[in-house]
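This report concerns only the one structure given below.
Just so you know, residue 1 is the first one in the sequence shown, and it goes up from there.
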Amino acid sequence: MNSPASLRYLGPTSSSFRKPDSFGRRLVFKVKLPSNCKFSSNRNSFAANSFFRREFSARRSYRIWGIEASSNDSVSVASGRIKTEESFVEFITSERVKVVAMLAVSLSLCNADRVVMSVAIVPLSLSHGWRQSFAGVVQSSFLWGYLISPIAGGTLVDYYGGKLVMAWGVALWSLATLLTPWAAEASLWALLAMRMLLGIAEGVALPCMNNMIARWFPPTERSRAVGLAMAGFQLGSAIGLTLSPILMSQGGLFGPFVIFGFSGFLWVLVWVSATSSAPECNWQISIHELMYVQNKGQIHTIAEGKSKTSKGIPPFRCLLSKLPTWSIIVANAMHSWGFFVILSWMPIYFKTIYHVDLRQAAWFSAVPWCMMALTGYFAGVLSDMMIQRGISVTLTRKVMQSIGFFGPGFALIGLTMAPTPSIASAWLTLAVGLKAFSHCGFLVNLQEIAPQYSGVLHGLSNTAGTFAAIIGTVGAGFFVELVGSFKGFLLLTASLYFSAAVFWDVFSTGERIKFDDST
């Protein structure tokens, strides 16, 4: 027979899963058989079933925040006391949905702030006499900054958590957005500096999103959580592309930059005051939701991830020695290439090929991002359903990523043959919509193969993605000047999509990878 369970007070240096109690001390619960054992401490002793009743009915300050059990241990809980499923109403009113909604808004602002330049570049080029190749350089200056921050930002996220790093990131990129029109009037170098600052700050956004979702959502809900957050990201593209011409016509070049910049500062105030870095740190969360998240496996992830993550230098050599890591890096690089080429050049593409004005070009370019937001959430629900029905995580990720790469590749080929702007917009909408399935491929896979290094791994793959985006964004301008055809560049992009999809299907996995001796 196993020994009775014990309740121990731990100091703040302990690596065990713990939660501060009302006296400022830290509690850890180790539960073993038999079920009528005693929970004991220096001050109190409760029978197991009595303790659970106190937790749910009397709401005393003693709470069970984590359960550790070895393979030959078992846990007995009063029947019917812990909920294992949630209703839809409970889900949409939960604290974790509030967190993912805030993440969606932040990513919407993130993308809106960066796409303003895709619209503003047209009047700026006309007023300054820039060629298309130089316009590509100006647009890519954002990526110069974005190249710097992802690895450092991912490491900071793993160390300090997503809440703090995200707050600083949004504040800095909102400041850069607000100052951009003044920089454009001052000098070219000032404009490039502000775009670089925007890129540096926005480089932490996706690692923070991944960190917060890994902490707040159990594995069976992460795909749809990523889908919701990335829906905000795509809607930011649509909002930025549609509102920017209107705001510029009413308030000049300053209009959209000022509106989006101040919106970011408002978001920071709400984020800091209304959210917490993890569910066990949130005092507004219901005990039902907390236990639901933990019973679905979240407690296992946090306990392992936080207690075993080194606060030293991440094992970069070991991370880069694994082919599943490279499958994520290649997928992120291709995803970023296609994303930034479409985001940066489609307004100019519609204006040049189909001779539509700036407002129409922005509208034709914005519609696909709305579709991407919808299909991204649908892909998340579908991905979670596949896993819940017993399909392996590895196969699920391969299917999602294959749709996310083969689909856009074929759609871009169709785009090159479109005779009218409406048909072209339909092909572009299909390409961007199917591209959203990638969010349930490589983007979720980061949390699965290396939960304790998800931030730095995201940073590594984002850096590769930024290199690819710079080459694609700048290369598109020079390609058009040299070859004289946007269509040839779209066909090149389609072939790269096919190659990346094959690489992913061969080398990716949904299983956790052992990157060091501590994992």
Can you tell if the side chain of Val432 reaches within under 4.5 Å of the side chain of Met371, non-hydrogen atoms only? no
Paired with Leu107, the side-chain contact (heavy atoms from CB on, under 4.5 Å) test is passed by just one of Gln234, Met102, Met209, namely Met209
side-chain contact (heavy atoms from CB on, under 4.5 Å) partner of Arg222, the single match among Leu443, Ile387, Ile213, Asp384: Ile213
Exam field: side chain Ser327 to backbone Trp504, donor-acceptor pair closer than 3.5 Å: no
Between Val99 and Met212, what is the shortest heavy-atom contact and its length? CG1-CE, 3.9 Å
Around atom CZ of Phe254, are there more than 12 heavy atoms from other residues, nucleotides or ligands closer than 6.0 Å? yes
CD1-CZ distance between Ile200 and Phe142, expressed to the nearest 0.5 angstrom: 10.5 Å
For a 4.5 angstrom cut-off between non-hydrogen side-chain atoms, does Met117 reach Phe257? yes
Given 3.5 Å as the limit, does a donor-acceptor pair link the side chain of Ser106 with the main chain of Leu103, or not? yes
Whether Gln401 side chain and Phe442 backbone form a donor-acceptor pair below 3.5 Å: yes
Verdict with reasoning, Thr180 to Val116, per side-chain contact (heavy atoms from CB on, under 4.5 Å): CA-CA 10 Å; Thr180 294; Val116 172; over 6 Å; no
Mark yes or no for whether Thr325, through its side chain, and Leu319, through its backbone, hold a donor-acceptor pair below 3.5 Å. yes
Gap separating the CE atom of Met196 from the CG atom of Leu147, nearest 0.5 angstrom: 9.0 Å
Asn462 and Gly203: which non-hydrogen atoms are nearest, and at how many Å? ND2-O, 4.3 Å
Identify the heavy atoms of Ala201 and Leu172 that sit nearest to each other, and give their distance. CB-CB, 3.7 Å
Could you report the tightest heavy-atom contact between Pro408 and Leu434, atom names first, then the distance? CD-CB, 4.0 Å
Leu320 side chain reached by Leu460 side chain, heavy atoms, under 4.5 Å: yes
Closest contact, heavy atoms only, Thr509 versus Asn445: O-ND2, 2.8 Å
Check for a donor-acceptor pair, side chain of Trp144 on one end and backbone N or O of Gly199 on the other, with a separation under 3.5 Å. no
Only pairs at least two apart or in different chains count here, so list each salt bridge (Lys or Arg N to Asp or Glu O under 4.0 Å) that has a residue in residues 449-472. none
Do the side chains of Glu448 and Arg397 get close enough for a salt bridge, i.e. N-O under 4.0 angstrom? yes
Are Thr466 and Phe340 close enough, and set up right, to give a side-chain contact (heavy atoms from CB on, under 4.5 Å), and what steps lead you there? CA-CA 9 Å; Thr466 305; Phe340 281 99; over 6 Å; no
Interatomic distance, CG@Leu235 vs CG@Leu109, rounded to 0.5 Å, equals 11.5 Å
With the side chain counted from C-beta on, respond yes when Leu457 and Ile449 share a heavy-atom pair under 4.5 Å apart, and no when they do not. yes
Sub-4.5 Å side-chain heavy-atom contact between Pro279 and Glu95: no
Tell me whether Phe265 at atom CZ has more than 12 heavy atoms from other residues, nucleotides or ligands lying less than 6.0 Å away. yes
Taking the six-membered ring for Trp, are Tyr497 and Phe405 parallel (under 30°), tilted (30 to 60°) or perpendicular (over 60°)? tilted
Start with the C-alpha distance between Phe378 and Cys440, add both sets of side-chain angles, then the distance that settles side-chain contact (heavy atoms from CB on, under 4.5 Å), and finish with yes or no. CA-CA 10 Å; Phe378 169 77; Cys440 300; over 6 Å; no
Can you confirm whether the side chains of Ser336 and Asn332 place a donor and an acceptor under 3.5 Å from each other? yes
Can you tell me how the ring of Phe339 sits relative to the ring of Phe233, calling it parallel under 30°, perpendicular over 60° and tilted otherwise? parallel
Nearest 0.5 Å, what's the CE-CG distance between Met400 and Leu395? 9.0 Å
Side chain to side chain donor-acceptor pair (under 3.5 Å) pairs, two or more places apart, involving residues 165-179: Asp113-Trp173, Asp113-Thr177
Considering all heavy atoms of both residues, which atom of Pro324 and which atom of Ile513 are nearest to each other, and what is their separation? CG-CD1, 4.1 Å
Taking atom CE of Met166 and atom CG of Leu206, what is their separation to the nearest 0.5 Å? 8.0 Å
Will you find, in the side chains of Thr275 and Lys98, an N or O donor that is under 3.5 Å from an N or O acceptor? no
Hey, does Ser276 have a side-chain heavy atom less than 4.5 Å from the side chain of Trp216? yes
Is a side-chain N or O of Trp271 found less than 3.5 angstrom from the main chain of Lys163, in a donor-acceptor match? yes
side-chain contact (heavy atoms from CB on, under 4.5 Å) assessment of His439 paired with His335: CA-CA 10 Å; His439 300 155; His335 184 78; 3.8 Å; yes
Rounded to the nearest 0.5 Å, how far apart are CE of Met194 and CH2 of Trp182? 12.0 Å
